[in-house]
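Predicted, not measured: the structure shown is a model, and the values here were computed from it. Both counts, for ligands and for their atoms, begin at 1 and track the order of listing.
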Amino acid sequence: MYRTKTCGELRISNVNETVTLAGWVQTVRNIGHLVFIDLRDRYGITQLSLSRDGHAEVFELAGKLGREYVIQVTGRVTERTSKNANIPTGEIELLIDQLTILNEAETPPFTIENESDGGEELRMKYRYLDIRRPLLRDVLITRATMIRAMREYLDSKNFIEVETPNLIKSTPEGARDFLVPSRMQHGTFYALPQSPQILKQLLMVAGMDRYYQVVKCYRDEDFRGDRQPEFTQLDCEMSFVDQEDIFENFSGMVKHVFKKTKNIDLPDFIRLTYADALKYYGSDKPDLRFECKIVELNEALPKSEFPVFNNAIAAGNLVAGVNAKGCAAYTRKQLDELTEFVKASHRGLSGLVNIKFNEDGTVKSSVDKFYTEEQLKEIGKAMGAQKGDLLLIAAEKASKVRKSLGDLRLELAKRENWIAPGSWSVFWVVDFPLFEKDEETGEINFVHHPFCSPHPEDLQYFDSDPLRVRAQTYDMVMNGNEILSGSIRIHQRDLQNRVFNKLGLTEEEINHKFGFMLNAFRYGAPPHGGCAFGVDRWVMLMTGGETIRDSMAFPKASNGRDLMMDAPATVDPKQLEELGVAIIKKD
Ligand code: ASP
């Protein structure tokens, strides 16, 4: 037996027991005739001590130990004289009788402690050492606890876990496919699943009724923001359900996971329509841990000669603002920073009007030339302004104003610490549109994926005004992050065909890409719907990480590289030949 106890286990009640531990040397402190060693494993840290008296040989061996050596020790548990209240084993130490060095270790490239001296790239290259740090170890443990709780809940509700293949045909989720060339049939390719979407729908046709899978998905996207080329979904599908069944079932699951993982009882989840989410928060995944709604002002503005607002209204644009509560004392510099923030190219506003409701009762604005104090107060009333508040108003194309003010409210929350630590906001966003128009090409695209069912009430607009058609699509939003997407699916072949046609696919393309699915729909497809959770993001939120890299064992760096394995890498030309693949060099 390598060990009889773990390094996180011994307590005062174990005093006088003789035990064997195995683990990694965190630190060695040598003080004359005494040696103290902190021994670490996944479960914790135990202090070992050794005195030269009567243990000359062992003492000499201990002198050879370095950081991260793997050792085995046997000894007697004793009560410590100076206790450490910060760790569960802090009341005891182990007096070493026997010491075996199981493996030596070179000095690690960074310190293996929560506050490490290693930069992120270095730690990614040596991820196996990084995972020895309690911080990352605890994330992986929480991740496992969460996934266990998900399975527990779904198993109790009669779901069954079914594995679906990775070598398949393209399943569109709006991203580029990773392709795998076939050696047996040159010139043909498998696609790695962007999600098991079609397969899980076929499992419903197959009568499986309730399916789930913890599954890897692959999307070859540019490295915008917080993405990984492969990530994990909890993918689910149910037959004979409507949206209400889905909301009930998965609200229940999320609550169960919170209870099991963090002992938190979440309140019931509200529902927000997509239209309201955009209107009031400028985002389809708003953070509702603080108020600060966007207020539309087109109807509420008093008469004035101010050309910016007048022109915007005449052009059918939107005038809207947010009330930055308590920010009236912002300096010129702070206001300039906020203006620069909304002017950034991906937001694209040309400026912000500000109105300050000062503590002394005066009102000052950047448009004093055009509005009387009375008129400014009228605007203030529309926006719920009180003494001490700062109003920030934009007037441009509605989509730009909403996006910018949506981002601005988040920025203000950050600056002003409006979000209480440890607070949670979880809710559903419903009634997404079925289609959207690409602003550049004018093409009609799907919003979620092409298998979402239109809202029955809106089918009447399908041909005349497709952008008006709402889908039976929903997201779950957690602290301003989308952690679930799903929909009731189309289960009728004709309707599915109509959607493909609307998306501009020719009959030939439909047959080539989705013929097998449409064919399956000939044989009794039940009404069905489902969803998928982004597991990595959810874990990130539950563990306080900043990116989804922080929530997976072996992530890729931001340029898509695996720094530890050094992948992607070149391959032997013979392999390429076997695959019938030629490399075209770009100059
Ligand atoms: N397949 C979808 C996705 O990956 C989820 C779903 O509609 O169930 O977003």
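- Not less than 6.0 angstrom separates the ring centroid of Tyr474 from the ring centroid of Phe432.
- Using the six-membered ring where Trp is involved, Trp428 and Phe269 have ring planes that are tilted, between 30° and 60° apart.
- For a heavy-atom separation below 4.0 Å, the residues in contact with ligand 1 are Glu173, Ser195, Gln197, Lys200, Arg219, Gln233, His448, His449, Ser485, Gly486, Arg489, Gly530, Cys531, Ala532.
- A donor-acceptor pair is defined here as one N or O able to donate and one able to accept, closer than 3.5 Å; no such pair exists between the side chain of Asp536 and the backbone of Ser551.
- The residue from Glu439, Lys437, Glu443 that alone fulfils the side-chain contact (heavy atoms from CB on, under 4.5 Å) condition with Thr441 is Glu443.
- Of all heavy-atom pairs spanning Ile444 and Leu503, the tightest one is O-CD2, 3.8 Å.
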As a quick check of understanding, evaluate side-chain hydrogen bond (donor to acceptor under 3.5 Å, both in side chains) for Asn501 and Arg498, giving each step before the final call.
CA-CA 5 Å; Asn501 282 320; Arg498 277 176 79 192; over 6 Å; no
